[in-house]
Amino acid sequence: MKNPFVQSTILVVLVLLVAVTGVQAAERLNGAGASFPFPVYSAWAYEYNGITGVQVNYQSIGSGGGQRQITARTVDFGASDAPLSPEDAEKEKLLQFPAVIGGVVPVVNIKGVKAGDLRLDSETLCRVLLGEIKKWNDPAVTALNPGLKLPDESVTVVYRSDGSGTTAIFTTYLSEACSAWKDTVGAGKAVKWPAGIGGKGNEGVANYVKRTRNAIGYVEFAYAKQNKLAHIQLKNAAGTFVEPDMESFKEAATSADFDPARHFHLWLTNAPGAKAWPIAGATFILLAREKSESNLKTTRFFDWAFKSGDATAERLVYVPLPESLKNKVREYWKKAGI
Amino acid sequence: MEEGGYIKPDRDDPGTGEATALPGPVLSRAEPRGLAAFFRRRSPVDVLFATLTGAAGVFIIVIVLGILGVLLSESVLSIEKFGPIGFIFSTEWNPVEELFGAATGLFGTAVTTVLALVFAIPVALGIAIFLSEVSPNFLKGPIGVAIELLAAIPSIVFGMWGLFTLAPIMADHVEPALQSVFGDIPVIGQLFAGTPMGIDLFTASVILSIMIVPFAASISRDAFNLTPALVKESAYGLGATKWEVIRDVILPHARLGVFGGIVLSLGRALGETMAVAFVLGNNHQITSSLFDGAASITVTLANEFTEADSDTYLSALFHLALILFVFSLVVLALAKYILLRAQRKERA
């Protein structure tokens with residue numbers, strides 16, 4: 001055993017063993033669900049582990065999966081982009097609260113039109129996506145954009161081919177904004193699109209909008225910002241044209257009336273604030289009511305994230321909950337006996 | 001023969017030692033047959049070995065039946081709601097209204113699979129012929145390895161490559177060219193109608209064909225290499241050219257092997273998911289143009305499983321999987337049957 005190589009190998013193995021058993025001894029918290037908040041949850045989990053030693057293990061298996069897993073009680077918490085209706089939350093004995101906010105941004109590729117140049121209202125956007133407005137220089141579009149030169153070219157609609165919370169938020173907005181959409185298409189994570197082509201994931205949609213002249217699509221706010229796509233300005237519920245940015249999302253979150261009695265069930269679409277971006281949505285955490293022990297661990301994690309995780313969230317282009325809403329959530333926990 | 005319980009084969013053949021290595025075939029006709037007899041006459045080690053391998057074989061059947069059972073039980077809701085036959089022929093796919101049907105998915109699966117085979121088979125045969133007959137020896141190694149490497153690339157890589165590289169090339173160059181050549185011909189022109197986007201049946205089939213080429217090529221090559229040198233040399237001796245030898249001697253000789261390779265590729269093409277998911281569009285429609293998006297069954301499952309939140313929706317997806325399972329079973333069984341019949345004919 002004089003061989004230095006053998007000795008160092010044994011040392012390394014011992015250190016690894018200690019490390020592994022150390023990890024196994026740590027407190028664990030298992031969550032699963034929506035893929036949209038996965039980057040921010042895992043960044044929070046990493047920091048939280050460094051501070052408390054608690055290991056938060058989050059698997060992004062999709063919102064539908066998150067709802068199923070927590071209903072089956074196989075995880076400590078579930079996560080979903082679409083809020084569970086208050087009735088379902090009661091029926092399955094679940095608790096539900098928002099964790100972070102994201103939004104959807106329509107993006108275009110029209111020659112000579114830069115980010116933020118094109119202005120649309122919900123009615124016109126809806127008619128474009130329904131295929132009723134076929135050309136970009138349609139009077140309905142030009143009326144909203146005096147001074148902007150729009151081509152006499154056909155519109156190509158690009159949508160998400162996979163089921164996603166992004167589509168759910170976007171189609172909910174369209175259904176609220178115009179009745180023609182509600183009657184012919186409706187809202188959901190996957191819908192039957194009247195026109196256009198489908199791209200898989202944000203990257204698929206973004207790629208097709210970038211490559212296809214005169215295309216319009218929609219992607220998550222974070223994705224649009226990080227990839228510098230040409231977003232549009234939208235007329236919100238208060239009648240002002242707004243740009244999608246951190247401020248307009250925060251305003252949407254602050255002005256919306258989340259109701260703890262209804263388990264915060266709310267789509268952040270057409271929020272009333274004067275500068276609120278109209279297509280936003282909170283992503284939710286689901287807890288099993290009877291699991292008081294793991295619920296305490298979960299809420300401790302999110303309480304920490306509410307307190308110290310805002311900077312991380314903003315760095316990843318998520319919108320943190322406004323302070324008033326955070327306090328509402330904390331009260332909701334207290335009321336539920338956590 | 002020291003092991004206890006080991007019974008000497010009747011026809012002892014000490015000369016070769018083969019009889020003790022392979023006791024099976026040397027049992028005389030008078031010996032009792034069947035499983036029980038087999039176990040009674042063997043050493044414990046043999047019995048253990050036979051049990052283990054037997055269990056491994058039976059395990060496959062158990063797994064397949066288990067999958068079938070799960071698919072059946074999960075799709076009960078959808079079968080009740082849409083009917084086992086009605087579901088297959090319904091072109092509806094509307095998650096909001098919760099109306100589902102498999103026709104669009106079956107259409108996408110069938111078209112991409114058939115087209116991929118059409119694209120892949122000539123290329124695979126070309127590769128195989130080159131490797132076994134034409135190629136100089138120093139090239140055989142590198143090309144053979146390259147083909148096998150192609151088979152090892154994860155399908156998601158093909159998918160992303162398809163989305164970011166192949167689809168733009170298709171949309172900007174290949175598809176407009178095809179359109180200008182065939183677009184004006186009646187009927188055939190229909191296949192190439194519409195605006196070329198690169199997200200369509202055509203691009204998906206091309207990617208799929210690239211993925212199945214390695215299977216078809218390497219199996220065909222092995223089949224070609226099995227042609228006895230004697231037969232080939234006889235043909236050359238009679239004055240046949242290389243082309244004649246390939247066409248009239250090697251290809252007929254290796255027919256079954258080539259067909260087997262195609263069947264294997266067919267299975268791969270039917271089930272391929274991620275590579276196609278990025279370039280097929282997942283549009284639930286039956287279309288006459290290859291330049292339109294479509295949805296295959298596997299693509300629908302990959303795209304919609306994670307976010308399927310209603311029970312009917314999820315059940316419809318399981319129902320789709322069940323249909324693909326049965327569809328593949330029928331297609332592969334049919335192919336196997338043809339293969340077996342041809343083999344029997346060959347022997348006769």
Side-chain angles (χ1 to χ4, degrees), chain A residues 32-36 59-68 71 80-82 84-85 88 154 156 158-168 171-172 175 181-193 195-201 203-208 210-215, chain B residues 91-100 104 108 156 159-160 162-165 167-172 194-200 203-204 273-285 291-296 299-311 313-314 316-317:
Chain A
S35 49
F36 157 69
Q59 297 180 12
S60 71
I61 57 170
S63 299
Q67 289 175 7
R68 273 167 206 285
T71 306
S80 171
D81 286 339
L84 222 55
S85 72
D88 281 345
S154 305
T156 304
V158 185
Y159 55 84
R160 282 283 288 265
S161 63
D162 49 333
S164 74
T166 310
T167 303
T171 51
T172 301
S175 294
W181 185 274
K182 194 177 178 184
D183 295 340
T184 54
V185 183
K189 288 171 185 163
V191 300
K192 201 175 174 171
W193 290 85
I197 55 169
K200 183 167 166 56
E203 68 280 12
V205 172
N207 188 35
Y208 270 82
K210 266 194 225 161
R211 284 213 12 251
T212 314
R213 278 275 164 79
N214 305 303
Chain B
T91 57
E92 194 69 51
W93 191 269
N94 190 335
V96 179
E97 308 272 338
E98 297 201 350
L99 294 172
F100 302 102
T104 52
I156 179 75
M160 295 319 278
L163 175 65
F164 289 114
T165 312
I169 295 173
M170 285 290 180
D172 298 339
T195 323
M197 289 288 180
I199 289 197
D200 47 33
T203 309
T273 310
M274 284 324 282
V276 182
F278 282 89
V279 290
L280 194 52
N282 206 28
N283 298 28
H284 293 273
Q285 57 176 354
F291 294 172
D292 267 336
S296 75
V299 167
T300 306
L301 295 180
N303 272 331
E304 302 187 22
F305 231 119
T306 50
E307 297 294 336
D309 41 10
S310 82
D311 290 341
Y313 196 0
L314 199 67
L317 289 172

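Below, read A as the first sequence line, B as the second, and so on, with proteins coming before strands; counting in each chain starts at 1.
- No side-chain heavy atom of A:Val185 sits less than 4.5 Å from a side-chain heavy atom of B:Val96.
- With a 4.5 angstrom heavy-atom cutoff, B:Ala308 touches chain A only via backbone atoms.
- Of the listed residues (A:Val191, A:Thr212, A:Asn207), the one with the most heavy-atom contacts under 4.5 Å to chain B is A:Asn207.
- Looking at every heavy atom in both residues, A:Ser161 comes nearest to B:Gly281 through CB-O, 3.0 Å.
- Ranking A:Gly201, A:Gly204, A:Ser63 against chain B, the residue ahead of the rest is A:Ser63, based on heavy-atom pairs under 4.5 Å.
- Only the backbone of B:Ser310 comes within less than 4.5 Å of a heavy atom of chain A; no side-chain atom from C-beta onward does.
- When each of B:Ile199, B:Asn283, B:Leu163 is scored by its heavy-atom pairs under 4.5 Å with chain A, the top score falls to B:Ile199.
- In this structure, the side chains of B:Pro95 and A:Lys189 stay at 4.5 Å or more apart for every pair of heavy atoms.
- Nearest heavy atoms, A:Tyr208 versus B:Gly198: OH-C, 3.8 Å.
- Of the listed residues (B:Ala295, B:Ala167, B:Ala302), the greatest number of heavy-atom pairs within a distance under 4.5 Å of chain A belongs to B:Ala167.
- Side-chain contact check for A:Lys200 versus B:Asn282: every heavy-atom pair is 4.5 Å or farther apart.
- Under the 4.5 Å side-chain criterion, counting only non-hydrogen atoms from C-beta, B:Gln285 is not in contact with A:Lys192.
- In this structure, chain B has a heavy atom under 4.5 Å from the side chain of A:Thr156, while its backbone stays farther away.
- Judged by distance alone, the side chain of B:Glu307 and the main-chain N or O of A:Gly165 form no donor-acceptor pair under 3.5 Å.
- With rounding to the nearest 0.5 angstrom, the CE atom of B:Met160 is 5.0 Å from the CD atom of A:Glu203.
- The closest side-chain heavy-atom distance from B:Leu314 to A:Arg68 is below 4.5 Å.
- Side-chain contact between B:Phe305 and A:Asp162 is absent, with no heavy-atom pair separated by less than 4.5 Å.
- When heavy atoms are compared at a cutoff of 4.5 Å, A:Ala187 approaches chain B solely by way of its backbone atoms N, CA, C and O.
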